[in-house]
Undergrad: 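Pasting in a structure now, in structure tokens, and then I'll have a few things to ask.
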Amino acid sequence: MQWFDALIQGILLGGMYAQYALGMALMFGVMRIVNVSHGDLVILLSLIGISLASSFGLGPFAVMAALVPLAVALGWILQRAVLNRVVGEDPLPSLIATFGLSLALQNLMLQIWSANSRSLPGGGIESRSIEIGGIYIGLLPVIVLLVATGLTLGLDLVLKRMRFGRALRAASADVEAAAMTGINPRSVYAMATAIAVGILGFAAVFQSLRSTVAPSDGGAQLIYAFEAVIIGGMGSVWGAFAGSMVLGIAQAIGFRIDPGFGVLSGHIVFLLVLALRPQGLFGRA
Amino acid sequence: MTEVLSTHGLVARYGDFQALYDVDVEVHEGEAVALIGANGAGKSTFLRAILGLLPVKPEMVHLDGKPIGGTPTDRMVQKGVAIVPEGRRLFTGMSVSDNLRVAIDQTSRLGRKGGWTLKRLYQLFPILEEKAKTPVQSLSGGQQQMVSIGRALLCQPRLLLCDEISLGLAPRVIREIYTALPEIRAHGTSIVVVEQDVGLAKSASDRLYCMLEGRVTLTGRSEEITREQIGEAYFGGGHAVV
Amino acid sequence: MTSISTTVDQATPPVVNVRRQTLSGVIALSLFALIIVALATMAWWAKTGTIRMVLELCCYIVAAQMWNMLAGYAGLVSVGQQAFIGVTGYAVFVLAQTFGVNPFLAIPLALVVPAIVAIPCYLLLHRLDGPYFAIGTWVVAEVFRLVASNLGWVNAGAGMSLGVMRDYSGFERNVAMSILCALMILVAIGGSYWFLRSRYGLALIAMRDNPVAASSQGVNVRRLRFMIYVAAAVGCGFAGAVYFMAQLRINPPSAFDPMWSNVAIFIVMIGGIGTIEGVVIGALIYFVADRFFGEYGASYFVVLGVMTVLVALYARTGIWGMISKYWDAPWFPIRRHLMVEKEDRS
Amino acid sequence: MHGQQDNIPRESLLQARNVSKSFGAFRVLYDVGFDVYRGEILGILGPNGAGKTTLFNMISGDIKPSGGEIRLGDVQLKGEPPHRRCQMGIGRTYQIPQPYSGMTTFENLLVASAFGGGRSEAESYDYCAQVLRDCELIEKANMLAGSLTLLDRKRLELARALASSPKLLLLDEIAGGLTDEESKDLVKLIAQIRDRGVTIVWIEHVLNALMAVADRLLVLNFGEKIAEGEPKTVIADPEVMRVYMGIEA
């Protein structure tokens, strides 16, 4: 029973991680870029959300309504101003640029919001839970999981069905050939990053509802997103989703064994996947 | 005849290495021009330079008499220049129809009009309709080439650049593909074919240019140029072709 | 190829001369020797505070040079070298404090640890592509931090102190630190220079320029990358051992602090990746900036971050790259300049 | 012709048997088998996309065959990484020159000499200077390889392959774009290399150059061997004429 509970909690936790991982999988799939400041962007958005909530007395969903468009704009600017200049064969420039960005963002946040942990008041939804057969399931984690599933489904549909999705897939298969078909790679990239960061707008609200955030937390979120993408196997949004579930379950079970072992057991599953199935659990060999 | 495309002293380099030297080529409306030459002669580089994939000065390439050298590739496509690239360069992981849809998407986004529709394309290459849902990577080489040509046609080009479309295909398939060229020209599209196969190039073109070492060494009407002239231009002075 | 020379079958080809050193190199090398001596004798001419500051700078230079060898030559971009810094730091504390080994003997002994630990790390991580490799190294460093935080015999999250150092007088400690500084710089900068000048340096640069061609020319690219990774782990370990010995305290967050990577990357990128000169320049800039602006804390790091972004966007070769474009006077010349004599054959 | 006499028993240096290669559904080489005899120059002809370079890549170890086997003397090459094959005596050039652009011409050769040829550095200096002279690159010894012209890059490819002291030298289209005079000199140089005991396989489009020096020819089309043997006989083959330049005989 205890382990079944851990499994459920793990899946719910996975819903949170999926919201970080989707954007990372998208950006890597399309541009072969890993944005090191991915986690810092979540934290930045969270802190902006918290400030909005406290200054204007907004509820969590109003904050989300404000935050997601802001995140989309942020992503678009990030791509136009920085990443479009460093996309290319050599992974070093993009890595260094986003690394520097991460350093700057973290310290900028420290300056503005101080090192204190904060959280978003949720008006009670963060503590409500339902009991099913002796297992307490938090309402908020369920919402998180549902939103994550919806986002994955939506992104998958966009990629498969929409004009923009086709352009994105074309650019990720062969960017030069895509340009030869009339696609402007830079705008497609900008849209991709706008979506990737836009998803972080949702993640930021949920992250700051379910726990506290502090300027230095970004690194951890980046690592979770990264682990989920690798565990799931690069190449598809559902791979990233499934990888997030595995990571969440690994952490939840580890946490049951020993509270100090939670995050570590996620890392260990990641390293095991790397050792035994480097293409990822659901990736093509 | 009016000129669709012309290059004037076109020079292109990869880093420190100069690949094209003062190349002057012109393509008239409705005309088919062949570009021949050995490997490394600069034929593909020439196409890449036109398409904005290599940095060139604006005045080096004219489209309809206006300087457009160095315009980004996607904008060149919008201006009506499409390419069937060497090696086909299809979007792997996507179906035949999705590969074609990408081109349709872009022309409709930009409001470019033209005579090519999916239906018409399927009439030209009926096999593609049959394989519409098949992922492109599991097609045969010839079918892949048809997708690549189809994708370029759906960009509604006024000028179609074909880079070694016979490469690695069986003679029967090559014939099949080359018989589509007159049909394409019938739409008023000018064509530049880059070929290694001299016979094919001669029969498919009105005029031809032979390149060697980044320079044009021979040009003239295709039916007037002799095999000996080509041999000399192809390999450098003194060599006879077989 | 107008005249194929008849020397193809000539039994004794003319002896050729190859120039390896330049005037600028000789000057720089003399300065380098002077600096090593100055470092080694710091205890006799500098204050304890200065020695500590210089020691910190030396540790950063070593970490930066190791990152430079990894990212600038071997194409292995790591952001997790703190794993080896921390592990070796801990090894020194365990050896000296728990097992009573002489602390100065403990440093060379502890260097075995990163060498061994690096092997499984590399075997796991080398499967990851460019940017993923980088984050992978970070995960490994996090694993080390978390393990150290949970491990009872290194006192878990509370960390350890190096009480045994109290057996030595302040002067004795200063002497040790001075000599260790000199040794570190000698090994990291001198050693890298020696390596880059050797035949392996040829292979390393060839591999950086074109790994496929290098391997078809007989260079074992996979082994060379592996060797660099292990060597960089040991180098970082050396810095970690010295740094934490001077600190007298170690705990998981400080031992495995990602700050090490931040600083190393800043130094190398600003100075100029893929050159030793770049590391020296970058380290000096960092040192000066840290002295004057370090007190501004966070905003100082914002500036460092923004500068790193700008370098990645507009000046990939860093300061030394810009200098050497106009001024061909390397401080650490590694070229082999063939002296071609005008052949006086008729 | 410097060809081998038929009455001398020929010793096979390289054997390829049933070699095939596919990339996904795309078949590049199919069931190709041939021998390269010690001391000969084997020319390989074929249109673009016939699988010639793929064949070289499999001999040098850059890619793995999908089927079949390749032997060097008595050694099965399967599983040997490229650097080992180079040390075993297989030297190659690339069709698109692959210089170490940040190193000088001289240093480019040193890498091959020290690692492929197994020489000490001091020995390499003399040897590489000699190879540079032979390949007419000595004047450019201290230039960065990245700034060489295409012609010099091709020379560098050949020089670098020679610096690794190969038993078997694989040349991938090194004559393209040379003037007539230059290509004659190249032929002379290649003959000299062969006379020093190096076995050569040469992929080339410049037919006259190949005809002047090859002992045998092998023609590929669509990944299959369509002809092999005495150059004059092979080139007169109507199938070869049709395939090679699309000229109906």
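Proteins come first, then strands; the chains are lettered A, B, ... in the order of their sequence lines, and each starts at number 1.
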Undergrad: Distance from A:Lys160 atom NZ to B:Ser95 atom OG, nearest 0.5 Å?
TA: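 Here the rounded value is 11.5 Å.
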Undergrad: Decide yes or no on side-chain contact (heavy atoms from CB on, under 4.5 Å) for A:Arg169 and B:Asp98, but give the supporting numbers first.
TA: CA-CA 10 Å; A:Arg169 283 195 292 153; B:Asp98 273 0; 2.9 Å; yes
Undergrad: When rounded to the nearest 0.5 angstrom, what distance separates OG1 in A:Thr181 from CD1 in B:Ile104?
TA: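 So the gap between those two atoms works out to 12.0 Å.
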Undergrad: Can you say whether A:Ala171 sits under 4.5 Å from chain B via the side chain, the backbone, both, or neither, judging by heavy atoms?
TA: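 For A:Ala171, neither part sits under 4.5 Å from chain B.
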Undergrad: Show me, pair by pair, the donor-acceptor contacts under 3.5 angstrom made by side chains of residues 94-101 of chain A, not counting sequence neighbours?
TA:
from	atom 1	to	atom 2	distance (Å)
A:Ser94	OG	A:Pro91	O	3.1
A:Thr98	OG1	A:Val36	N	3.2
A:Thr98	OG1	A:Ser94	O	2.9
A:Thr98	OG1	A:Leu95	O	3.2

Undergrad: Would you check if B:Asp105 and A:Phe164 make a side-chain contact, meaning some heavy-atom pair closer than 4.5 Å?
TA: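 SC-SC contact between B:Asp105 and A:Phe164 ruled out.
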Undergrad: Pick one: which of B:Ile83, B:Val81, B:Asp74 meets side chain to side chain contact (heavy atoms under 4.5 Å, CB included) with A:Met180?
TA: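 Only one option passes, and that is B:Ile83.
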Undergrad: Under 3.5 Å, which donor-acceptor pairs link side chains of residues 72-82 of chain A to any protein atom two or more places apart or in another chain?
TA:
from	atom 1	to	atom 2	distance (Å)
A:Gln79	OE1	A:Thr193	OG1	2.5
A:Gln79	NE2	A:Asn84	OD1	2.8

Undergrad: Can you confirm whether A:Arg163 sits close enough to B:Ser108 that some side-chain heavy atom of one is under 4.5 Å from a side-chain heavy atom of the other?
TA: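 Yes, close enough: below the 4.5 Å cut-off.
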Undergrad: State the CD-CG distance between B:Gln106 and A:Asn184, to the nearest 0.5 angstrom.
TA: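 Result: 9.0 Å between the selected atoms.
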Undergrad: For B:Arg75, is it the side chain, the backbone, both, or neither that has a heavy atom closer than 4.5 Å to a heavy atom of chain A?
TA: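 When you check distances to chain A, no heavy atom of B:Arg75 falls under 4.5 Å.
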Undergrad: Just give me the residue among B:Leu110, B:Thr92, B:Leu53, B:Leu51 that pairs up with chain A most often, heavy atom to heavy atom, under 4.5 Å.
TA: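 The candidate making the most pairs under 4.5 Å is B:Leu53.
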Undergrad: Minimum heavy-atom separation for A:Ala173 to B:Phe91, with atom names?
TA: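 Taking every non-hydrogen atom into account, CB-CA, 3.8 Å.
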Undergrad: Would you sort out whether A:Ile183 and B:Val102 count as a side-chain contact (heavy atoms from CB on, under 4.5 Å), showing the intermediate values?
TA: CA-CA 8 Å; A:Ile183 293 169; B:Val102 171; 3.5 Å; yes
